[in-house]
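First up is the structure itself, then whatever we jot down about it.
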Amino acid sequence: MNLFAHFQGVVLTAVEALVAQGKLPKALDLSKLTAEPPRDAAHGDVSTNAAMVLAKPAGMNPRAVAELLLPLLSQDADIASVTIAGPGFINFKLKDAFWPRVLQAAFDQAERFGSSTMGQNEKVNVEYVSANPTGPLHVGHCRGAVFGDALAALLSFSGYNVTKEYYMNDAGGQVNVLAESVYLRYREALGETITEIPAGLYPGDYLKPVGEALAKEHGKALLTRNDWLPIVREKAISMMMDMIRDDLAALHIKQEVFFSEKSLQTSGAVASAIAQLRKSGDVYEGRLPPPKGEVNEDWEDREQTLFRSTPYGDDVDRALLKSDGSYTYFASDVAYSANKIARGFKQLIYVLGADHGGYVKRLQAVAAALGGKGAVSVDAKLCQLVKLYRNGEPVRMSKRAGEFVTLREVVDEVGSDVVRFMMLYRKNEAPLDFDFAKVTEQSKDNPVFYVQYAHARICSVLRNAEASEQDSKGQIDFNLLTDEAEKALILRIAAFPRVVEAAALSHEPHRISFYLYDLASDFHSLWNKGKELPQLRFILQDQDNLTLTRLAFLRVIRYCLANGLGILGVEPASEM
RNA sequence: GCGCCCGUAGCUCAGCUGGAUCAGAGCAUCAGACUACGAAUCUGAGGGUCAGAGGUUCGAAUCCUUUCGGGCGCGCCA
């Protein structure tokens, strides 16, 4: 349970009662009314802005509104005292008996603590990675991959019905280039000497196994057939996708749907999606102004088939057909959007690289045109670049020379957990520095270890308790936890559901990471306090009830840590 | 020229979608805490015009306008 949501309900009920009594006007806008933890704990446990939000529409001053609410709120069984503060905040101090119940509820929920039904099973599509199937994933794909995966887990934990999806760009010119590159490797596998890969083709060694596989499968047959290209292409794409799935598996990422762009074209889905837009008047034949920015020699003014996206908020209308009559990439995306909408998704989330920023508006425009305004929400999460460092020195990568750090190399070197946590320890739109030395460092400087260490410490205590059979005597009574450091932890734990909800609503998994860091910090603090004050230690001889209670408390903290890490896709460590 | 993102402590970044003497954390610097359930930790100190300027209102780091500075993108590539 999210206690702040609970008390928001309590406040709303009180407001409605006042409206019913005619003390407040009807039809008030209550959407901005919140109940949240006060910035400063000294102000109380829960704070609401009700009086200030209602003051203006009610034509009263905030403190007068607060005075009306005060007696009603005081009646609540969980509220010990209500005070009016500052410009009109209403602060609750909760009864001491309330917190043990929060802990008990968390303890009972265990692995589900923090989860909710907020999403009401709404269908959400999270599309991420979607790298071209022309080679292994490189480090640039890492961030989006982890981000998308964590966001999907977060939404799922919050009660949404999530589909994790990968869009395979298997229809464009790039896969033909791939096929030509592989064809060379095929000839090489048959004994021919290939001295140089022509410019424009993919030089990587990772294509050699594809050539060999083709040689094994077809022998020399493809040398003489002039329809070799589609055969080679399909094989290459299939093997590249296997490789990519392998790379993702190394990060513990498993997507359910791998959607083929080509299937949209061959099935006629593109044509019918365009027809649908044409019917609603969103497609026309026309001309576009030349692009600004750097001068393009090839620019020619011509009439073309365009999607009228500007009424939906885009900057310019978008071309659907190339000059040779084939579909643009965007045309496929129109069909793909239509397909997602037809599958019943209410939210389409795209995890993209920052260089795709210019693409967002047209995706939103398409969804609005196809689904009706507001029917389907489109959120594009743009992930900024990851800068690699090694001991403070930037890692040089030259795409032209084919030198790029692969995702697999990074994961192999530092491990999936570290990669995942670090990628999520920043807002997605902030650039991220990733230093191989720093992220594996075992110190407080490294948030992964800091959080893991807290979890490991808890596990260690529980192991000790079990070994000395101190975990089986006495009774749990959360009322026994009265120290300030314990109270700080309880407040932190109580905030977890709210943090998860907020992160899910804003599509910001990094909030979980920061929360976990804070939680770990509170825990380490309590731990060290127990060094100076032995009665604060977790295991106490001859105090069975207190010991058992503290062990249960540790378990709740551990659920919090483990559930949070679970959202991030990081395995909690029981030892380090 | 236009669009999107960013600008917070010396450095790297949070800031709960407009809240309260609120400007925060970590690193770095300085000073402290292990015969101890794991010191890979903890406690404290100094450090700021939230890039600048206007505006919106009870209230702005947060929203709007504008200037400056940085990143990304700008038919028929995907």
Side-chain angles (χ1 to χ4, degrees), chain A residues 4 32 34 36-40 43 47 49 52 55-56 61-62 85-89 91 130 132 134 169 171-175 261 287-294 296 298-302 304 306 314-319 321-324 326 328-330 332 353-361 380 382 384-385 425-427 429-433 438 441-447 449-450 452-454 456-458 460-465 468 470 495 498-499 502-503 505-506 508 510-511 514-515 517-518 521 524-532 534 537-540 554 575-576:
Chain A
F4 300 102
K32 292 178 113 178
T34 60
E36 44 189 24
R39 300 280 174 153
D40 187 343
H43 289 127
S47 174
N49 61 358
M52 288 178 291
K56 199 170 191 183
N61 84 55
F89 284 99
N91 296 324
S130 299
N132 290 331
T134 53
N169 301 134
Q174 288 177 14
V175 285
E261 178 190 1
R287 293 167 187 280
L288 285 178
K292 302 289 202 269
E294 54 185 275
N296 188 341
D298 298 337
W299 164 260
E300 78 178 278
D301 190 27
R302 69 177 182 88
Q304 52 190 344
L306 298 168
D314 202 357
D315 303 319
V316 290
D317 294 339
R318 303 293 171 180
L321 295 178
K322 299 183 198 170
S323 54
D324 66 1
S326 64
T328 60
Y329 177 74
F330 176 67
S332 299
D355 54 344
H356 285 64
Y359 211 75
V360 177
K361 284 184 180 174
L382 302 176
Q384 274 290 349
L385 288 177
Y425 199 60
R426 283 281 175 276
K427 255 188 317 223
E429 49 306 281
L432 186 150
D433 294 342
K438 239 180 201 161
E441 192 174 287
Q442 307 197 338
S443 78
K444 183 181 174 180
D445 193 11
N446 180 354
F449 276 87
Y450 188 75
Q452 291 279 33
Y453 184 42
R457 269 182 158 173
I458 291 172
S460 171
V461 176
L462 293 174
R463 276 193 302 269
N464 285 334
S468 59
Q470 295 248 342
R498 179 180 141 85
V499 169
L505 281 174
S506 57
E508 291 181 344
H510 76 274
R511 292 192 193 190
F514 283 95
Y515 171 83
Y517 188 90
D518 290 340
S521 176
H524 288 309
S525 191
L526 174 63
W527 178 287
N528 272 71
K529 211 173 170 189
K531 287 180 177 300
E532 286 166 27
R537 297 166 130 222
F538 301 107
I539 301 175
L540 298 168
L554 284 179
E575 284 178 77
M576 312 194 59

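This structure is a prediction, so every number in the text was calculated from the model and none was measured. Protein chains get the first letters and strands the later ones, always in sequence-line order, with residue 1 at the start of each.
Base pairing of G10(B): its partner is C27(B), meeting the Watson-Crick or G-U wobble criterion (both donor-acceptor distances under 3.5 Å). In a base pair of the Watson-Crick type (N1 to N3 plus N6-O4 or O6-N4) or a G-U wobble (N1-O2 and O6-N3), with each distance short of 3.5 Å, G54(B) is matched with C64(B). Judged by Watson-Crick or G-U wobble contacts below 3.5 Å, the nucleotide A20(B) has no partner. Across all strands shown, G59(B) forms no Watson-Crick or G-U wobble pair with both distances under 3.5 Å. Pairing partner, G73(B): C2(B), with both Watson-Crick or wobble hydrogen-bond distances short of 3.5 Å.
Between G18(B) and G52(B), the distance separating the two C1' atoms is 22 Å to the nearest Å. Comparing the same atom, C1', in C16(B) and in A78(B) gives a spacing of 38 Å after rounding to whole Å. Using P as the reference atom, G55(B) and U12(B) are 33 Å apart when rounded to the nearest Å. One C1' atom belongs to A14(B), the other to U56(B), and the distance between them is 27 Å to the nearest Å. Between U8(B) and A60(B), the two C1' atoms lie 14 Å apart (nearest whole Å). Spacing of P atoms, C6(B) relative to C63(B), comes out at 9 Å, to the nearest Å. A31(B) and U17(B) have their C1' atoms separated by 40 Å, given to the nearest Å. Comparing the P positions of U65(B) and C27(B) gives an interatomic distance of 39 Å, to the nearest angstrom.
Distance alone, capped at 3.5 Å, places no donor-acceptor pair between the S460(A) side chain and the A456(A) backbone. In this structure, the side chain of H524(A) engages the main chain of Y450(A) through a donor-acceptor pair within 3.5 Å. In this structure a side-chain-to-backbone donor-acceptor pair under 3.5 Å is present from N49(A) to T34(A). Between the D324(A) side chain and the S326(A) main chain, a donor and an acceptor come within less than 3.5 Å of each other. Remark: the backbone N or O of S521(A) is not paired with any side-chain donor or acceptor of S525(A) at under 3.5 angstrom.
The shortest distance between the side-chain N/O atoms of S525(A) and the OP1/OP2 oxygens of U43(B) is below 4.0 Å. Contact check, R457(A) against A39(B): a side-chain N or O comes under 4.0 Å of OP1 or OP2. The phosphate of G38(B) (OP1 or OP2) has a side-chain N or O of N464(A) nearer than 4.0 angstrom. Distances shown here put a side-chain N or O of Y450(A) below 4.0 Å from the OP1 or OP2 atom of C42(B). Side-chain nitrogen and oxygen atoms of K529(A) include none within less than 4.0 Å of the OP1 or OP2 phosphate oxygen of A33(B). Residue W527(A) places none of its side-chain N or O atoms closer than 4.0 Å to OP1 or OP2 of A36(B). A sub-4.0 Å separation between OP1 or OP2 of G38(B) and a side-chain N or O of S460(A) is present. At A39(B), one or more side-chain N or O atoms of K531(A) fall inside 4.0 Å of OP1 or OP2 (strictly under the cut-off). Between H524(A) and C37(B) there is no side-chain polar atom (N or O) within less than 4.0 angstrom of OP1 or OP2.
The A430(A) side chain lies nearest to A14(B) when the options are A14(B), C37(B), U17(B). The M576(A) side chain lies nearest to A40(B) when the options are C5(B), C13(B), A40(B). In the set C4(B), C5(B), U12(B), C5(B) carries the atom at the smallest distance from any side-chain atom of Q384(A). Of the candidates C76(B), U41(B), A36(B), the closest approach to any side-chain atom of T328(A) belongs to C76(B). For R511(A), the side-chain atoms get nearest to C16(B) when compared with the rest of C4(B), A14(B), C16(B). If you check G75(B), G15(B), U17(B) against the side chain of R498(A), the one that comes closest is U17(B).
Straight-line distance from the CD atom of Q452(A) to the P atom of G38(B): 17 Å, rounded to whole Å. Protein atom CG of L382(A) is 14 Å distant from nucleotide atom P of C72(B), rounded to whole Å. Counting to the nearest Å, the P atom of A20(B) and the CG atom of N91(A) are 12 Å from each other. Computed from coordinates, the Y517(A) OH to C16(B) C1' distance equals 19 Å when rounded to whole Å. If you take CG of N49(A) and P of U57(B), they are 18 Å apart, rounded to a whole angstrom. Rounded to whole angstrom, the span from the CD atom of Q174(A) across to the C1' atom of A78(B) amounts to 4 Å. As rounded to whole Å, 15 Å separates atom C1' of G7(B) from atom CZ of R426(A). The distance from atom CG of D314(A) to atom C1' of C74(B) is 11 Å, rounded to the nearest whole Å.
In terms of heavy-atom proximity, A380(A) sits nearest to V360(A) at CB-CG2, 3.6 Å. A pairwise comparison of heavy atoms in G358(A) and R318(A) identifies O-NH2, 4.4 Å as the closest pair.
When each of F89(A) and G172(A) is assigned the nucleotide of RNA chain B bearing its nearest heavy atom, the one mapping closer to the 5' terminus is F89(A). Ranked by how close their nearest RNA chain B nucleotide is to the 5' end, M52(A) and F330(A) are led by M52(A).
The base of A78(B) does not come close enough to the side chain of S332(A) for any donor and acceptor atom to sit less than 3.5 Å apart. At a cut-off of 3.5 angstrom, counting only N and O atoms as typed in the model, there is a donor on one side and an acceptor on the other between the side-chain of N528(A) and the base of U41(B).
Taking syn as a glycosidic angle within 90° of 0, U17(B) qualifies as syn. Here C34(B) is in the syn range [glycosidic angle within 90° of 0].
Within 4.0 Å (heavy atoms only), S47(A) reaches at least one base atom of the nucleic acid. Across all strands shown, H356(A) has heavy atoms under 4.0 Å from base atoms, whether or not it also approaches the sugar-phosphate. If you check every strand for non-hydrogen atoms under 4.0 Å, P290(A) touches nothing. Nucleic acid contact class of A85(A) (heavy atoms, under 4.0 Å, all strands): base. Heavy atoms of D317(A) sit nowhere under 4.0 angstrom from any nucleic acid atom.
Between F514(A) and Y425(A), the ring-plane angle classifies as parallel under the 30° and 60° cut-offs.
One distance of note links CG of L554(A) with CD1 of I458(A); it measures 5.5 Å at 0.5 Å rounding.
With a 6.0 Å radius and a threshold of 12 heavy atoms from other residues, nucleotides or ligands, K438(A) has its NZ atom at or below the threshold.
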